[in-house]
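One structure is given here, and the rest of the page talks about it.
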Protein chains: 2
Amino acid sequence: MGKTRSAPTLTDVAREAGVSTATVSRCLNTPERVIESTRQRVLQAVESLGYTPNFAARVMAAKRSFTIGAIIPTMDNAIFARGLQAFQDELRERGYTLLVSSSAYDPEAEREQIRTLVARGADGLLLIGHARDPQIYEYLDRHQVPSLVAWSYVPEARRPSVGFSNACAMRALAESVLAAGHRRIAMISGLTEGNDRALSRVEGVRQALQAAGLGEGALTLIETPYEIDKGAEAFRQLMALEPRPTVVMCGNDVLAAGALREAKGMGIAVPEQVSVTGFDDIELAAIVSPALTTVHVPHREMGRKAARELVAMVEGTSAGQPECISTHVVTRQSLAAPPDPS
Amino acid sequence: MGKTRSAPTLTDVAREAGVSTATVSRCLNTPERVIESTRQRVLQAVESLGYTPNFAARVMAAKRSFTIGAIIPTMDNAIFARGLQAFQDELRERGYTLLVSSSAYDPEAEREQIRTLVARGADGLLLIGHARDPQIYEYLDRHQVPSLVAWSYVPEARRPSVGFSNACAMRALAESVLAAGHRRIAMISGLTEGNDRALSRVEGVRQALQAAGLGEGALTLIETPYEIDKGAEAFRQLMALEPRPTVVMCGNDVLAAGALREAKGMGIAVPEQVSVTGFDDIELAAIVSPALTTVHVPHREMGRKAARELVAMVEGTSAGQPECISTHVVTRQSLAAPPDPS
DNA sequence: ACACCATTTGTAAGCGCTTACATCATTAAT
DNA sequence: ATTAATGATGTAAGCGCTTACAAATGGTGT
């Protein structure tokens, strides 16, 4: 059974190896500053004791955690999964660990998560979107924690960001829709309050309509949370309208999946009777039938670039270069010409 | 512009409020032990300085972090999302924070994540499935970190767990498949190495076949990673077989979605020509067409129960009661009788 | 032989917090 | 009035680590 051992500390390792704690610490952090023979002995002691450094103590003493925090609106669907995975991979290559938490699209929760992450010693923070109380940035400044905004690129925003123009992306999609011949357009948007991405997407559609000389009347808008069921519900409402819109543009692929499901349930053929579009091009978009015409966002690229930039900011080698990622429309079966007016 | 302030500490708050650091600490942790008037003053100082306690220091001094770690195989798809969300919600209600990391189904990565989480002071750990090097449990014991296994319930396993019997669940589904008349059965399983859940699911199918008096020859098995594309690929392989299986049972809904996608691409009608089944009943299962016949796993319930149990273990009020969650088969359109042998 | 420098290692002062224990002020019981 | 008990607050010792600085060691050039 052996004696009940508790977790070994640096001091235990030092004693075992017959050196000072400073030397052990150096072996672990700056091995090149310790002579080979000593290092051997120390590492062996580490091994035989099964020593793992205490993170809290390390953070406290070094005032560095090699940890990056990210607060995303939701983990429920795949919208952020891919980008975040790439973000994490890139961080790991650079010796950083990622701490993720989700705010459920709630600003108050986000503020709290930010404080938590900072309290935990995050060296830098990844935030989604620009819309947020300025006090938060002050708080981050005071604690000297650099932050980077992703998933959104707005030139006039002061904060560093790596993202794409939600407005331009959606505008391009809306132009495709118009080119297909649609004139009665409906949109199921995510909630725009406190969500600059959702708002910009609506804005993008508006711009396209305006450029095409269509008035406000051409667009019917519903706002609803980004959930499948909500998308379905909104679609049902839209289909009850008279005259019925010929296309339903959705704020993201999740809403579009819901719309598609409801269409099937209602016996409405897509795209023959109504066209549907999405946004994000997550895996789901290619699986549903009909497959979704949507906007492809290079999430991986965005994640990797964000990681590189944020690490550079943390290490003081960059002040935060904004970067705009380009998106493109992916044409699949869910968008077609409107039905003949009969 | 004001002077450049750096983050305030407990000492700053104490000075501002005219009390000792001990009193400030008590105000924050055990407010009932501080008299009203003093508490007022302290909280006001906290507020006006914008003080946030330093987490690392707190963990170090208190040897408690109120943090629970969870290592899940992947964040890429929704398999674990719902259960984990419930787990997190329940933890939060009890004053704990969740730290999540993913191992990408790699045992070595998992081991490393466990060490990291322990080093970060996690008070308890949620692990998925039982299959893992016993040394890991020794390590956890030594560090006195309780752990709970979820997503799998195996009576003979020694470790506390909250999960379901993957074998029974899959067996029940296989029985439905047999009842529908299928005799040439194929299965696309996830990789079974180091994954007791995947292995048990295969086992469940085997049991059902055996009980029905069918030999080994009735089952064709392919193992592949849990990814949509892999599911599609495996499905294609299976369809090339002669004679062709009449049903493809998939290790989870993600693989099934891939199979369905490929079937559509190959012009094979589901369920008329081939039936397909899934496992998990994630949102995706109801969205694809045809909708998937699958095994419903009450992820939320499992997550909540796991959280309650693990917190009890951490707080020493439970030794880890194993709990078995029950699952049931959900019948949708993807499973039907086999085609007439013509 | 010496001074000088580079390299390796040790010493010890914190990092910001919690908490056992000591102190002091009240109040209740005798 | 005296004592004991109770409650509020302060004092100070760490928690396990990093790192500035000091000390010791060995190699070079003269």
Side-chain angles (χ1 to χ4, degrees), chain A residues 5-43 45-46 49-67 115-116 118-121 123 142-144, chain B residues 5-43 45-46 49-67 115-116 118-121 123 142-144:
Chain A
R5 298 164 300 180
S6 81
T9 70
L10 234 212
T11 311
D12 297 326
V13 175
R15 189 183 318 113
E16 173 92 5
V19 297
S20 72
T21 59
T23 301
V24 178
S25 175
R26 281 189 284 255
C27 270
L28 269 25
N29 301 305
T30 50
E32 72 280 4
R33 298 179 49 79
V34 173
I35 207 166
E36 173 71 13
S37 60
T38 312
R39 200 190 319 155
Q40 288 291 327
R41 230 166 350 124
V42 171
L43 293 183
V46 165
L49 292 176
Y51 168 74
T52 317
N54 178 307
F55 186 76
R58 192 205 281 264
V59 168
M60 225 179 137
K63 295 164 166 292
R64 228 16 236 300
S65 68
F66 286 96
T67 293
R115 295 181 79 101
T116 301
V118 169
R120 276 172 186 272
D123 293 335
R142 175 133 40 107
H143 285 260
Q144 314 198 45
Chain B
R5 298 163 303 180
S6 80
T9 71
L10 236 212
T11 311
D12 297 327
V13 175
R15 189 183 318 114
E16 173 90 6
V19 297
S20 73
T21 59
T23 301
V24 177
S25 175
R26 282 189 284 255
C27 271
L28 269 26
N29 301 304
T30 50
E32 72 280 4
R33 298 178 49 78
V34 173
I35 206 167
E36 172 71 15
S37 60
T38 312
R39 198 189 321 154
Q40 288 291 326
R41 228 166 352 124
V42 171
L43 294 183
V46 165
L49 292 177
Y51 167 74
T52 316
N54 178 307
F55 186 77
R58 191 203 282 263
V59 168
M60 230 181 131
K63 296 166 167 288
R64 246 344 257 301
S65 68
F66 286 95
T67 293
R115 295 182 80 100
T116 302
V118 169
R120 276 173 187 270
D123 293 334
R142 174 133 41 104
H143 285 260
Q144 314 199 45

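By convention in this document, chain letters (A, B, ...) are assigned in the order of the sequence lines, proteins followed by strands, and residues within each chain are numbered from 1. Only this structure's heavy atoms are used, side chains among them; waters, hydrogens and symmetry mates stay out. All values derive from a computational prediction rather than experimental measurement.
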Contacts under 3.5 Å, N or O only, protein and nucleotides 18-22 of chain C:
from	atom 1	to	atom 2	distance (Å)
C:dT18	OP1	B:Asn29	ND2	2.9
C:dT18	OP1	B:Arg58	NH1	3.3
C:dT18	OP2	B:Ser25	OG	2.5

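- Taking atom NE2 of residue A:His143 and atom C1' of nucleotide C:dG16, one finds them 13 Å apart after rounding to whole Å.
- Overall bending of the helix from C:dA1-D:dT30 to C:dT30-D:dA1, expressed as the angle between end axes built from five pairs apiece, is 40° (10° steps).
- Evaluation of the side chain to side chain donor-acceptor pair (under 3.5 Å) rule for B:Arg115 yields A:Thr52 as partners, not counting sequence neighbours.
- Among the atoms of the strands shown, only primed sugar atoms or phosphate atoms (P, OP1, OP2) are found under 4.0 Å from some heavy atom of A:Val34.
- Atoms CD1 (A:Ile35) and P (D:dT25) sit 13 Å apart, rounded to a whole Å.
- Two residues, B:Ala56 and A:Ser37, neighbour DNA chain C, and the one matched to the more 5' nucleotide by heavy-atom proximity is A:Ser37.
- Rounded to a whole Å, the CD atom of B:Gln40 is 15 Å from the P atom of D:dA8.
- Heavy-atom nearest nucleotides on DNA chain D were determined for A:Thr52 and for B:Ser20, and the one closer to the 5' end corresponds to B:Ser20.
- Between the side chain of B:Arg26 and the backbone N or O of B:Val34, no donor-acceptor pair lies under 3.5 Å.
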Every protein N/O lying under 3.5 Å from an N/O of nucleotides 26-28 of chain D:
none

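- With sequence neighbours left out, B:Phe66 forms a ring pair (Phe, Tyr, Trp, His ring centres under 6.0 Å) with B:Tyr96.
- For the OP1/OP2 pair of C:dG16 and a distance below 4.0 Å, the side-chain nitrogens and oxygens of B:Thr11 include no atom meeting the criterion.
- Panel note: side chain B:Thr30, backbone B:Glu32; no donor-acceptor pair is recorded below 3.5 Å.
- In terms of phosphate contacts, B:Lys63 brings a side-chain nitrogen or oxygen within less than 4.0 Å of OP1 or OP2 of D:dG16.
- When the side-chain nitrogen and oxygen atoms of A:Thr9 are compared with OP1 and OP2 of D:dG16, none of them lie within a distance under 4.0 Å.
- Under the side chain to side chain donor-acceptor pair (under 3.5 Å) criterion, the residue pairs touching residues 53-63 of chain B are B:Asn29-B:Arg58, with sequence neighbours excluded.
- For B:Thr38, whose side chain is taken as the heavy atoms from C-beta onward, the closest listed nucleotide among D:dC17, C:dT9, D:dA8 is D:dA8.
- Counting any heavy atom pair closer than 4.0 Å across all strands shown, A:Val59 reaches no nucleic acid atom.
- Taking atom CD of B:Glu36 as the reference point, atom P of D:dG7 lies 17 Å away to the nearest angstrom.
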